[in-house]
There are 2 protein chains.
Amino acid sequence: MSQFSEHIRSLREKRKIRQREVAACLKADTAFISKLEKGERQARREQVLLLAELFNVDKEELLSLWLGEKVYDVLKNESAKGGVAKQALKVAENKIDYNNKKKTK
Amino acid sequence: MSQFSEHIRSLREKRKIRQREVAACLKADTAFISKLEKGERQARREQVLLLAELFNVDKEELLSLWLGEKVYDVLKNESAKGGVAKQALKVAENKIDYNNKKKTK
DNA sequence: TGTTGTCTTGTCAAACTATGACAAAAATAC
DNA sequence: GTATTTTTGTCATAGTTTGACAAGACAACA
């Protein structure tokens, strides 16, 4: 149901790892991993980094996917009708750009 | 500090309304409004709509600004280094587009 | 069929976060 | 000075999320 969760699952399956091993890596139980992989629980930042290490994938890429889901979560109620959600994305983008400009200055 | 909060304040000042009147409209006290206008509290969706009515501005526009802040909140910790935040925006945008496409289908 | 290992689901307390109320201080106006 | 508006600090309450546990489902296979 969520890109992030599906991605995690697919990474695990490609590497033929059991949920119990992922659980050990995150110091959680398999029930939690199962829910992560079905999008019923959200990972926390720290866990995303551990997963990236475990699966040996780029941390920033995994973080982007994870964050993207969180962003979508904020918008999903509005995303139905029209431009509100997309406008909101623009607002956020402008703030990011503005902040980065300030810093390089 | 936040676009939304500054906007609210400026709307109120343009119309020469007191915080007490805004508070009445939202059924809150002035302390709360003060914090809203300084970005120390986040409005809830319902309150945004009330504000749009009170100030007689477009609801969708105000919602976009408000949502944009919420989105930025999710990203602000990452927005420092590099592309993670902007990538996350793209991920979210794709999900929105994908969902809209599904619906019109 | 029974056993073993893996994954899933339901439930819940504890941890965490946010809201909005109140009181008291600060600022502004008169 | 007083009166009014705005700000700040503190806090109980409500609301949400996490992760632990127990029990169930499913698959492989002897």
Side-chain angles (χ1 to χ4, degrees), chain A residues 1-2 4-52 54-55 62-63 65-78 88, chain B residues 1-51 54-55 62-63 65-78 88:
Chain A
M1 265 294 134
S2 99
F4 179 77
S5 58
E6 281 168 19
H7 189 55
I8 291 297
R9 165 155 300 182
S10 117
L11 283 172
R12 179 176 67 79
E13 288 175 346
K14 271 206 202 85
R15 285 161 181 65
K16 308 220 195 293
I17 298 177
R18 309 279 159 216
Q19 283 186 351
R20 57 197 322 283
E21 299 177 65
V22 181
C25 167
L26 301 195
K27 297 193 175 85
D29 68 355
T30 62
F32 182 68
I33 305 303
S34 168
K35 285 168 186 168
L36 268 194
E37 290 186 352
K38 313 191 106 225
E40 288 162 25
R41 287 286 187 286
Q42 263 201 353
R44 280 169 308 137
R45 191 176 195 285
E46 190 206 319
Q47 297 173 322
V48 177
L49 296 177
L50 287 172
L51 290 171
L54 176 63
F55 294 135
L62 203 57
L63 278 175
L65 207 52
W66 168 74
L67 262 189
E69 297 282 343
K70 283 165 84 89
V71 167
Y72 181 73
D73 257 28
V74 171
L75 300 174
K76 62 172 178 247
N77 302 311
E78 306 287 341
Chain B
M1 267 293 134
S2 99
Q3 278 192 52
F4 178 78
S5 58
E6 281 167 20
H7 189 55
I8 292 297
R9 163 153 302 179
S10 116
L11 284 172
R12 179 176 64 82
E13 288 176 345
K14 271 206 201 83
R15 285 158 180 70
K16 306 221 195 295
I17 298 178
R18 308 280 159 213
Q19 285 186 353
R20 60 199 318 284
E21 298 177 65
V22 181
C25 168
L26 301 196
K27 297 192 174 87
D29 68 356
T30 61
F32 182 68
I33 305 303
S34 168
K35 284 168 188 169
L36 268 194
E37 291 186 351
K38 313 191 107 225
E40 288 163 24
R41 285 287 187 284
Q42 265 200 349
R44 279 170 309 141
R45 190 174 195 287
E46 190 206 320
Q47 297 174 320
V48 176
L49 296 176
L50 288 171
L51 289 171
L54 177 63
F55 294 135
L62 204 55
L63 277 177
L65 207 52
W66 168 74
L67 262 190
E69 297 283 341
K70 282 166 84 87
V71 167
Y72 181 73
D73 256 28
V74 172
L75 301 174
K76 63 173 177 244
N77 303 312
E78 307 286 341

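Just so we're on the same page: letters track the sequence lines, and every chain starts at 1. The basis for the numbers below is simple: all heavy atoms, side chains too, and nothing from hydrogens, waters or symmetry mates.
- Residues A/S34 and B/A43 each lie close to DNA chain C; by heavy-atom proximity, the contact nearer the 5' end of the strand is made by A/S34.
- Rounded to an integer number of Å, the gap from A/L26 CG to D/dT18 P is 13 Å.
- Counting non-hydrogen atoms under 4.0 angstrom, A/E21 reaches nothing in the nucleic acid.
- Summarising the geometry, the separation between CD on A/E40 and C1' on C/dT9 is reported as 8 Å, rounded to the nearest angstrom.
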Dump every N/O contact between nucleotides 9-11 of chain D and the protein below 3.5 Å, one line per pair.
from, atom 1, to, atom 2, distance (Å)
D/dG9, O6, B/K35, NZ, 2.7
D/dT10, O4, B/K35, NZ, 3.3

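- If you measure from atom CD of A/E46 to atom P of D/dT18, you get 13 Å, rounded to the nearest angstrom.
- Between B/R20 and D/dT6 there is no side-chain polar atom (N or O) within less than 4.0 angstrom of OP1 or OP2.
- Rounding to the nearest 0.5 angstrom, the gap separating the OG atom in A/S2 from the CD atom in A/Q42 is 8.0 Å.
- Annotation: A/R15, atom CZ; neighbour count of heavy atoms from other residues, nucleotides and ligands within 6.0 Å is above 12.
- Here B/R12 reaches the OP1 or OP2 of D/dT6: one of its side-chain N or O atoms lies under 4.0 Å away.
- When the C1' atom of C/dT6 is taken as reference, atom CD of A/E13 falls 12 Å away, rounded to whole Å.
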Evaluation steps, salt bridge (Lys or Arg N to Asp or Glu O under 4.0 Å), between B/R45 and A/E78 | CA-CA 10 Å; B/R45 190 174 195 287; A/E78 306 287 341; 2.4 Å; yes

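- For the pair A/L36 CG and D/dA20 P, the computed distance is 12 Å after rounding to whole Å.
- Distance, A/R9 CZ to C/dT6 C1': 11 Å, rounded to whole Å.
- Within a 6.0 Å sphere centred on CD of A/E13, heavy atoms belonging to other residues, nucleotides or ligands number more than 12.
- Between B/T30 and B/Q19, the shortest heavy-atom contact is O-OE1, 3.6 Å.
- The residue among A/D29 and A/Q42 whose nearest nucleotide of DNA chain D is located toward the 5' end is A/Q42.
- Summarising the geometry, the separation between NZ on A/K38 and P on C/dC7 is reported as 13 Å, rounded to the nearest angstrom.
- Counting all heavy atoms, side chain and backbone alike, A/A43 lies closest to A/W66 at O-NE1, 3.0 Å.
- Contact record, B/L36 with B/R41: CD2-O, 3.4 Å, taken as the closest heavy-atom pair.
- A straight line from CD1 of B/I17 to P of D/dT5 spans 13 Å, rounded to a whole angstrom.
- Using a 4.0 Å cut-off, no side-chain N or O of B/Q19 falls inside it from OP1 or OP2 of D/dT4.
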